[in-house]
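In what follows, a single structure is set out as structure tokens and then discussed.
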Amino acid sequence: MDLHHVRYFLAVIDHGSINVAADAVGVSQPPISQALRALERELGTPLFFRIGRGMVPTSAGYALVGPARRLMRDIATAGGSVLDDEGHLRGKLDIRSLSALSVGMLPTLVAEYRRRHPKVAVTIDSLRDETVAATHLRNAVCEIVLTHLPFDRSLPRDDGDRALDALEIGAQEYWIAYPPGAAAPASDPLPWDEIDTPMVAVPVGGSHATEILRMLPPAQRVRRPAAILQNREARLAFVLAGVGATWIERSMAGIARERGAQVRALTPALKAPYGLVFERDGLSPAAVAFVELARTHVGGSADSATARNAEPAGDS
């Protein structure tokens, strides 16, 4: 299987059209089209449906994505295993992170990592849904995911899949933000049983959301939300506009106050652990170095590297 063909195939997967894929990889459209036809002939099955100017993967196309990404990552890993002439680690490190977790420990770790390994290209993309963390790792979309713990293991594990590990690096504390001028309770910290307000909510997901619901008084638990947002990052904007209150991470409290929100801590405090999720074996040297750096920051050791929820994915 020609590696250029695999690269072009993944470009079409990522961009949804031959035109955009060609621009992304810096070639004209004919080589992309020829590569797809060659792959389809070699595999004996169509890989895409052509819909207008777009390209939608067939079931065979979807099945090829994971192995294709692993192939390209293995090649990059092999190249990154060789230090440059100055002894620097090379390669690329791909991380997916929940937006709310990108303002805590992650910038500190990346800054230190860049000082130690300036030749490694670090890419941090958004993890919009923590339930797909295992899927991203299995399909080699990234090598490390930063998400709440325990992480979702909804993806079935095949015999050939590598086990996933988790390393807890911090805990997020949840507070509540009320709109400017709203009749917010005076208590700070605010007892959970005093929460009585319409909320700007997001679809329930993750163990921390379940714990929030459990802590709420019964009347608040069944109250109809003021709004439900698919875009979690938009919550504060809706609060500031006066739609309703919402949960915010403690790290965002200062920003929320500066913009006019009324922020209250909660008692008892609700803390949600978060950390790195990665494959137990087969990490690139660049990813291994990042995990080891994170271990030193949290006081871990090689013998106690993984957090309490570091079982193989699919076992729960």
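Since we're looking at a predicted model, the values are computed, not measured.
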Geometric class of the Tyr174/His148 ring pair [parallel <30°, tilted 30-60°, perpendicular >60°]: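 Rings of His148 and Tyr174: tilted, 30 to 60°.
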Residues Arg264, Tyr178; criterion side chain to side chain contact (heavy atoms under 4.5 Å, CB included); working and verdict: CA-CA 8 Å; Arg264 302 288 185 269; Tyr178 290 86; 4.2 Å; yes
According to a 4.5 Å side-chain heavy-atom criterion applied to Ile, Leu, Val, Met, Phe, Trp and Tyr, with indirect links allowed, do [X] and [Y] form part of one hydrophobic cluster?
| X | Y | value |
| --- | --- | --- |
| Val141 | Val277 | no |
| Val263 | Leu240 | no |
| Val132 | Phe278 | yes |
| Leu36 | Val20 | no |
| Leu89 | Val291 | yes |

When rounded to the nearest 0.5 angstrom, what is the spacing between [atom1] in [X] and [atom2] in [Y]?
| X | Y | atom1 | atom2 | value |
| --- | --- | --- | --- | --- |
| Leu270 | Glu173 | CG | CD | 8.0 Å |
| Leu236 | Arg259 | CG | CZ | 5.0 Å |
| Glu292 | Leu283 | CD | CG | 10.0 Å |
| His4 | Gln34 | NE2 | CD | 13.5 Å |

Arg37 bridged to Glu40 by N-O distance under 4.0 Å: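 Result for this pair is no, no salt bridge flagged.
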Charged N-O contact under 4.0 Å between Arg235 and Glu249: yes
Any donor-acceptor N or O pair under 3.5 Å, side chains Gln172, Ser251: no
Pair Ile176-Ile195, side chain to side chain contact (heavy atoms under 4.5 Å, CB included): steps then yes or no: CA-CA 9 Å; Ile176 187 170; Ile195 298 176; 4.2 Å; yes
Test side chain to side chain contact (heavy atoms under 4.5 Å, CB included) applied to Leu93 and Ile144, step by step: CA-CA 8 Å; Leu93 175 63; Ile144 298 173; 4.0 Å; yes
Proximity of Phe48 and Phe9 rings by center, below 6.0 Å: yes
Aromatic centroids of Trp192 and Trp247 separated by under 6.0 Å: yes
Got a list of side-chain donor-acceptor pairs under 3.5 Å for residues 23-30, not counting sequence neighbours?
unit_1	atom_1	unit_2	atom_2	d
Gln29	NE2	Asn19	OD1	2.9

Residues in salt bridge (Lys or Arg N to Asp or Glu O under 4.0 Å) contact with Arg223, at least two apart in sequence or another chain: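 Expected list: Asp196.
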Chi angles and distances behind the side chain to side chain contact (heavy atoms under 4.5 Å, CB included) call for Gln262, Arg257: CA-CA 6 Å; Gln262 303 177 77; Arg257 283 196 180 105; over 6 Å; no
Leu3, CG atom: more than 12 neighbouring heavy atoms under 6.0 Å: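 Yes, CG of Leu3 has more than 12 neighbouring heavy atoms, counting only those of other groups under 6.0 Å.
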Identify the heavy atoms of [X] and [Y] that sit nearest to each other, and give their distance.
| X | Y | result |
| --- | --- | --- |
| Leu276 | Ala294 | CD1-CB, 3.6 Å |
| Leu127 | Leu146 | CD2-O, 4.1 Å |
| Ser17 | Gly54 | CB-CA, 4.4 Å |

Qualifying residue, where the test is side chain to side chain contact (heavy atoms under 4.5 Å, CB included) with Ser97 and the options are Ser102, Cys142, Ser126: Ser102
Salt bridge (Lys or Arg N to Asp or Glu O under 4.0 Å) contacts in which one or both residues fall within residues 2-20, not counting sequence neighbours: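 Qualifying pairs: Asp14-Arg69.
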